[in-house]
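Okay, so here's the structure we're looking at.
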Amino acid sequence: MTNINLPIDDVLGELMDTLSDHTNAILIAPPGSGKTTRVPLALLHASWLGDRRILMLEPRRLAAKSVAAYMARQLGEQAGETVGYRVKMDTRVSKRTRIEVVTEGVLTSMLQQDPSLDGVGAVLFDEFHERSLHADLGLALCLQAQQLFREEMRLLVMSATMDAEPVSQILNHAPVIRGEGRMYPVETVYYPGHGAERLEDRTVRAVKQALQDHDGDMLVFLPGAGEIRRAERKLRESGLSPGVRVAPLYGNLPQAAQEAAIAPAVSGQRKIVLSTSIAETSLTVEGVRVVIDSGLMRVPRFSPRTGMTRLETVPVSRASADQRRGRAGRTAPGVCYRLWTEQEDRRLPPRSTPEVLEADLAPLALELAAWGVGDPAELAWLDLPPVPAYRQARELLHLLGAIAETGAVTPHGRRMAALGMHPRLAHMVLRAEGLGLARIACDLAAMLGERDVAVRTGGRAKTDADLSSRLAMLQEARTWRGADLPDTLGGMEIDPAICRRVIAEADHALAALRTEGSGRGAFEAPREEDNETSAAEVSAVEMCGVLLGFAYPDRIGQQRSIGKFTLANGRGAEVSEGQQLAAEPYLVAAELDDQGTESKVYLGAGISLEQINRYFADIIREEQSVYWDREAQTVRTFTVRKIGAVLIQETPSQSPDPELMLQALLDGIRQGGHKLLPWTKGDRLLQSRMSFMHKYDPANWPDVSDESLLNHLEDWLAPHVYGMRNRSDLQKIQIGHILSELIPWEQRQELDRLVPLQLTVPSGSRITLDYSDPEQPVLAARLQELFGMKETPRIAGGRVPVTIHLLSPARRPVQVTQDLASFWEHAYFEVKKDLKGRYPKHYWPDNPLEAEATNRTKPRK
DNA sequence: CTCTCCCT
């Protein structure tokens with residue numbers, strides 16, 4: 001076994017030489033090179049290692065265990081002797097162990113316990129091109145450990161093809177060694193869609209084509225479970241020969257179904273596996289000769305603004321596409337159909353975005369706080385954690401009591417970090433402990449940290465989102481003890497493998513809590529019970545919502561209508577119809593997809609108003625709500641108690657803040673306009689006359705137009721409506737009075753002179769001027785009353801001629817003029833002819849300027 | 001038209 005030649009053997013010598021001269025190195029070699037299993041064993045003989053151990057990081061538990069087992073076999077041993085492994089809840093190492101294959105989270109926890117990594121001679125980062133958050137963090141922490149305590153410690157970054165230069169830089173210009181891989185050739189066929197053809201149809205077309213043209217099993221990459229279900233249905237509908245078996249493969253599929261998809265096809269059968277990116281690296285499907293790649297993948301994107309994550313469907317990177325293609329060439333030459341064009345291929349991003357740039361950084365921020373670092377820039381990163389997400393993470397940690405105002409980790413934060421869960425869940429468990437509810441909190445934390453215990457049927461039959469029923473089911477599952485769990489339990493379809501795992505995780509967390517928990521500086525939680533095994537656990541399931549609220553206070557939600565909720569963080573959330581949860585007045589949404597205006601709730605639980613008041617009093621804020629009720633035309637004043645955007649209680653306010661009331665009243669007037677104000681005809685006339693003066697002398701006369709008045713309510717109206725509440729109160733004000741007070745007394749006198757209310761005409765009548773159009777003040781008078789008036793009367797100190805509406809004896813408009821002199825001279829004679837015909841009894845002199853004006857038929861003799 | 005993957 002040991003002697004089989006692998007491509008990596010060609011560069012092992014160079015690697016050994018490099019690491020005897022340098023502390024850091026980078027090894028780039030494609031899949032199939034053998035680096036993962038050969039390199040640790042080779043380094044075991046390096047003189048610099050002495051009797052120290054080698055740590056090798058693997059991104060997945062399964063890989064860590066199988067790589068350790070493989071290396072052990074090479075030495076003719078079992079895992080746990082010279083070569084061992086550590087993954088969560090499963091450790092196989094002994095005093096003899098020199099190589100420890102560990103998962104990434106384990107390394108972080110080892111570093112937190114002993115930052116100097118005493119006894120470790122080298123740390124190897126395998127599959128580093130995947131750029132997981134943990135690998136990035138692990139490397140940053142190791143680099144600082146090396147710099148501060150362990151100058152001689154070796155760091156080796158191993159990776160498939162990637163840009164080595166940036167890594168070399170942060171590793172103090174580490175040398176780069178390149179090796180060959182060993183893979184069978186895979187032919188690439190570009191197989192784009194027809195126009196707007198749906199992905200599923202394109203996929204089915206490609207599958208049919210490939211079934212015809214090539215032998216062997218087929219692996220089809222699709223972005224998600226939805227596409228896989230639809231493609232599966234269409235494939236079956238398209239009529240497949242009986243020898244062809246279709247198997248879906250994705251993470252949420254029950255363990256048994258996953259194993260069935262991976263297993264080699266029985267002879268005489270052809271297998272088509274429809275898979276998400278899970279088959280890109282995590283799972284290996286045996287016997288694949290044909291790969292069909294949709295070129296899409298679903299990725300999580302965290303939004304610092306909402307504190308939630310949404311899934312986006314994006315084009316794969318070229319690195320991913322090449323990795324997918326490589327799955328066809330593991331055992332023999334193969335072929336890969338790419339469902340896109342060669343032009344599109346050139347535009348693919350070279351590699352996927354590193355997790356640290358798009359993930360929720362709360363776990364990272366807690367690790368750094370526990371490490372003693374507040375600002376990530378103190379460490380060396382390939383990509384610095386982005387500032388907005390990091391800031392949001394620190395705010396959350398502060399809210400949860402994990403870090404102090406200064407940013408330093410608190411005792412509570414240390415306990416959270418030690419639990420090895422997401423900070424939200426760790427906080428929930430610690431608070432629950434204070435209430436005697438640690439056990440169910442651990443159950444909840446385990447469920448939320450793992451895949452769903454309930455089988456998600458997808459499609460039309462929506463999986464119930466209620467976590468409390470899962471919690472009850474889990475209690476029942478525990479009573480099964482060692483026996484095999486059934487597929488249906490507590491009225492729900494379950495994945496027995498995940499259930500067992502969740503129970504193990506929960507028990508593990510509870511044990512960790514109990515051993516670490518006694519004699520610590522605990523979180524200052526309201527302690528309801530001193531005795532932990534209390535009556536509280538009896539009704540534990542009813543506390544589900546409360547516990548979730550500890551973890552997700554920003555996702556406490558209030559029902560707007562059946563199934564629709566508003567969350568404390570301001571976002572909308574939706575529980576699909578038919579579920580009991582949809583009818584709850586309040587809920588806590590633990591898991592949801594931050595999509596559109598209404599995020600779908602996948603997991604959550606109801607919470608009662610009483611529970612909110614009892615357990616979340618510390619985050620309930622009281623404020624005055626004062627607003628204009630448009631229907632009732634009155635100001636409403638309430639005292640409201642809220643958690644973020646969620647309304648907890650609203651009571652009519654006894655002593656409303658008069659300032660807020662005034663603002664609400666003015667808001668109401670702004671919305672409702674002048675019709676809410678008691679304008680009289682006289683007020684309107686005054687307004688017109690003042691507007692008239694403003695037009696000619698804006699520097700000295702205020703703008704009292706409707707629009708301007710509405711825009712400046714605070715200035716002119718506020719002092720007169722202070723303490724008022726509704727429309728009938730407003731009827732008490734006198735607008736004309738208020739307007740006239742806008743100008744000083746002397747100016748008011750001037751107004752009467754400059755913009756007279758009335759003019760006396762030659763007949764002796766006093767005629768009221770019409771100022772409704774401030775551009776053109778109008779004098780409307782019967783023609784006969786004006787005989788003898790030589791010029792157009794002018795106002796505003798002679799600056800503005802009035803517009804004269806000349807009327808017939810019956811007050812019908814006859815002529816409009818601003819030039820009376822000209823009218824007498826020309827138009828009068830035409831008008832006279834006409835009027836004389838219609839009003840023969842009236843007085844129509846030939847010389848109107850000399851004639852006597854009259855308001856009767858003829859002048860009185 | 002209910003969700004990608006992984007880990008202390």
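So you know, we letter chains A, B, ... as the sequences are listed, proteins then strands, and number each from 1.
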### Task
Looking at every strand, decide which applies to A:Glu450 at a 4.0 Å heavy-atom threshold: base, sugar-phosphate, or nothing.
nothing
### Task
Determine: side-chain N/O of A:Thr276 to OP1/OP2 of B:dC5, distance under 4.0 Å, yes or no.
yes
### Message
Just to be sure I understand the geometry, which residues of residues 99-112 of chain A put a non-hydrogen atom under 4.0 Å away from DNA chain B?
### Response
A:Thr103, A:Gly105, A:Val106
#### Entry: Length of the CZ-P vector between A:Arg324 and B:dT4, whole Å
12 Å
#### Entry: Nucleotide nearest A:Ser282 (side chain, heavy atoms from C-beta), chosen from B:dC6, B:dC3, B:dT8
B:dC6
### Query
Listed by chain and number, what are the salt bridge (charged side-chain N to carboxylate O under 4.0 Å, His left out) partners of A:Lys65, not counting sequence neighbours?
A:Asp90
### Query
Touch check for A:Ser576, heavy atoms < 4.0 angstrom, all strands: base, sugar-phosphate only, or nothing?
base
### Salt-bridge present (A:Arg571, A:Asp594; N to O < 4.0 Å)
yes
#### Entry: Partners passing side chain to side chain contact (heavy atoms under 4.5 Å, CB included) against A:Ser469 (at least two apart in sequence or in another chain)
A:Asp466, A:Met492
### Message
Could you work out, with side chain to side chain contact (heavy atoms under 4.5 Å, CB included) as the rule, every residue matching A:Ala64, not counting sequence neighbours?
### Response
A:Glu58, A:Val87, A:Val101, A:Thr103
### Task
Rounded to the nearest angstrom, tell me the gap between atom CZ in A:Arg233 and atom P in B:dC1.
8 Å
#### Entry: Rounded distance (Å) that lies between atom P of B:dC5 and atom NE2 of A:His134
19 Å
### Query
Salt bridge check: are A:Glu200 and A:Arg233 linked by an N-O gap of less than 4.0 Å?
no
### Message
Nearest whole Å is fine: how far is B:dT4 P from A:Leu253 CG?
### Response
12 Å
### Query
Where each residue is assigned the nucleotide of DNA chain B containing its nearest heavy atom, which of A:His422 and A:Val601 is assigned the position nearer the 5′ end?
A:Val601
#### Entry: Length of the line joining A:Phe302:CZ and B:dC3:P, which is rounded to integer Å
21 Å
### Task
Can you figure out which of B:dC7, B:dC3, B:dT4 approaches the side chain of A:Pro300 most closely?
B:dT4
### Summary
What residues 311-322 of chain A contributes to the DNA chain B interface at heavy-atom separation below 4.0 Å is A:Leu311
### Query
Going by modelled atom types, is there a donor-acceptor pair between the base of B:dC6 and the side chain of A:Glu130 at under 3.5 Å?
no
### Query
So among A:Glu104, A:Glu127, A:Glu130, which one has a salt bridge (charged side-chain N to carboxylate O under 4.0 Å, His left out) with A:Arg60?
A:Glu130
#### Entry: side chain to side chain contact (heavy atoms under 4.5 Å, CB included) partners for A:Arg202, two or more places apart
A:Glu197, A:Arg205, A:Leu339
### Query
Over how many whole Å does the gap from A:Asp593 atom CG to B:dC5 atom P extend?
14 Å
### Message
Once you apply a heavy-atom cut-off of 4.0 Å, does A:Glu591 come out as touching a base, just sugar-phosphate, or nothing?
### Response
base
### Query
Whole-Å distance between B:dC3 P and A:Glu227 CD?
8 Å
## Note on the structure
Out of B:dT8, B:dC3, B:dT4, minimum distance to the side chain of A:Arg298 belongs to B:dT4
#### Entry: Those residues that, when tested against A:Glu312, pass salt bridge (charged side-chain N to carboxylate O under 4.0 Å, His left out) (two or more places apart)
A:Arg301, A:Arg310
### Query
Between A:Arg501 and A:Gly226, which is nearer to the 5' end of DNA chain B once each is assigned its nearest nucleotide?
A:Gly226
#### Entry: Pairing residues for A:Glu280 by the side chain to side chain contact (heavy atoms under 4.5 Å, CB included) criterion, not counting sequence neighbours
A:Phe221, A:Ser277, A:Ser320, A:Gln323, A:Arg324
### Summary
note: A:Asp452, atom CG; B:dC5, atom P; distance rounded to Å ~ 14 Å
### Task
Look at A:Arg61 and B:dT8 and indicate whether a side-chain polar atom (N or O) is within less than 4.0 Å of OP1 or OP2.
yes
### Query
Among all residues two or more places apart in sequence or in another chain, which pass the salt bridge (charged side-chain N to carboxylate O under 4.0 Å, His left out) test with A:Arg298?
A:Glu227
